[in-house]
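Below: one structure, written as structure tokens.
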Amino acid sequence: MTASHRPGPPNHPAPAGSLDSTAQLMTRITAQLSSQLGHLAPGGPRRRPRPPPLSRPAARRPPTLVAVAHGSRDPEALRTVTALVDRVRALRPDLPVRLGHVELNHPLLADTLAALHGEAVLVPLLLGRGYHIKRDLPDAAAAAPHLSVRVAAPLGPHPLLAEALHARLAEAGWTPERTPGEAPGGLSAAGVVLAAAGSRDRDSAADTARTAALLSARLGGVPVLPGYASATGPTVAEAVRALTGRGRGRIAVASYFAAPGRFATQCAAAAPGIAAAPLGDHAAVARLVVHRYEEALASAPMSHPAVTVGV
């Protein structure tokens, strides 16, 4: 008897696509497991992936401080204001600091501004409100349309100037106290003339009078009278006579000038005794320059091509 043979199911090979899909699936599973295991600290909880480092924004360049001097034919004037600017740089090494002159010396303000870009604050090395503050400096700022410019207030009046004036008087040998052997009162009593350039602008005269009052307070009540080199009165000689008429005989002249020059020399020659040096590069003046710069920046955003502050 012959056994019958039943054919089994046909042995068809698996489609190539199915094998590929299985291999790809296993590859993805292996990759996911490796990624998850990579976040596990040995023996600890799962670690979070570190975020990408944040890029820091570039530091904003501060506006340039432009110290604006008047200018003088006296060679000592340029040396003095240059020394003052160096003191300002030492106080604020983070600031770009430049020098410009209204006239007579280089660099002129217009040339200084032409070489700058971005923002600038003009800090006048001038001691009160007058024509230069109200007209010349705003005009110079307006003539530099490539810049955002702010004009700070003049240096005076301010208690720091009274401090510097007092120091210059002391350096010259003046003291408000009577020397041994002097009788109280009479012509031995002290007085000071505050010698200034002078201006027809009433605001300028008011600023000088305010500085005289500040200096008087700094000197413990010694009377201080303004005396002027030009444009208005009284002159220094007239102020000396007025103090003498009030019983003051030990009279000194305080030089209310930013730097040496013709007017400072003229006023010193009218002193009956001690004549102090100009303010120059005194440390208190350098601090005041920085203060006026910071004051101007704090007053309002620099959004206008030319903004005058405090005038």
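What's counted below: heavy atoms across the whole structure, side chains too, no hydrogens, waters or symmetry copies.
No donor-acceptor distance shorter than 3.5 angstrom exists from the side chain of Arg87 to the backbone of Ala286, with no hydrogens or angles considered. Using modelled atom types, no side-chain atom of Arg250 and backbone atom of Gly273 make a donor-acceptor pair closer than 3.5 Å. Put simply, the side chain of Arg168 gets close to the backbone of Leu279: a donor and an acceptor are under 3.5 Å apart. Judged purely by atom type and a 3.5 angstrom limit, Thr244 has no side-chain atom pairing as donor or acceptor with the backbone of Gly249. Judged by distance alone, the side chain of Arg248 and the main-chain N or O of Ala190 form a donor-acceptor pair under 3.5 Å. Between the Thr232 side chain and the Arg200 main chain, no donor and acceptor come within less than 3.5 Å of each other. No donor-acceptor distance shorter than 3.5 angstrom exists from the side chain of Glu163 to the backbone of Ala284, with no hydrogens or angles considered.
Heavy-atom minimum distance, Gly100 versus Thr112: CA-OG1, 3.7 Å. The heavy-atom pair separating Ala296 from Arg150 by the smallest distance is O-NH1, 2.7 Å. Residues Gly261 and Ser72 approach most closely at CA-OG, 3.7 Å, considering heavy atoms. Summarising the geometry of Pro278 relative to Phe257, their closest heavy-atom pair is CB-O, 3.3 Å, with the distance given to 0.1 Å.
The existence of a salt bridge linking Asp86 and Arg89 is confirmed by a sub-4.0 Å separation between a basic side-chain nitrogen and an acidic carboxylate oxygen.
Checked by atom type, the side-chain pair Thr208/Tyr256 shows no donor-acceptor distance below 3.5 Å.
Each ring-ring contact (aromatic ring centres under 6.0 Å, His included) pair with one or both residues in residues 91-143, not counting sequence neighbours, appears once here: His70-His132.
Taking the side chain as every heavy atom from C-beta outward, Trp174 and Val222 approach each other to under 4.5 Å.
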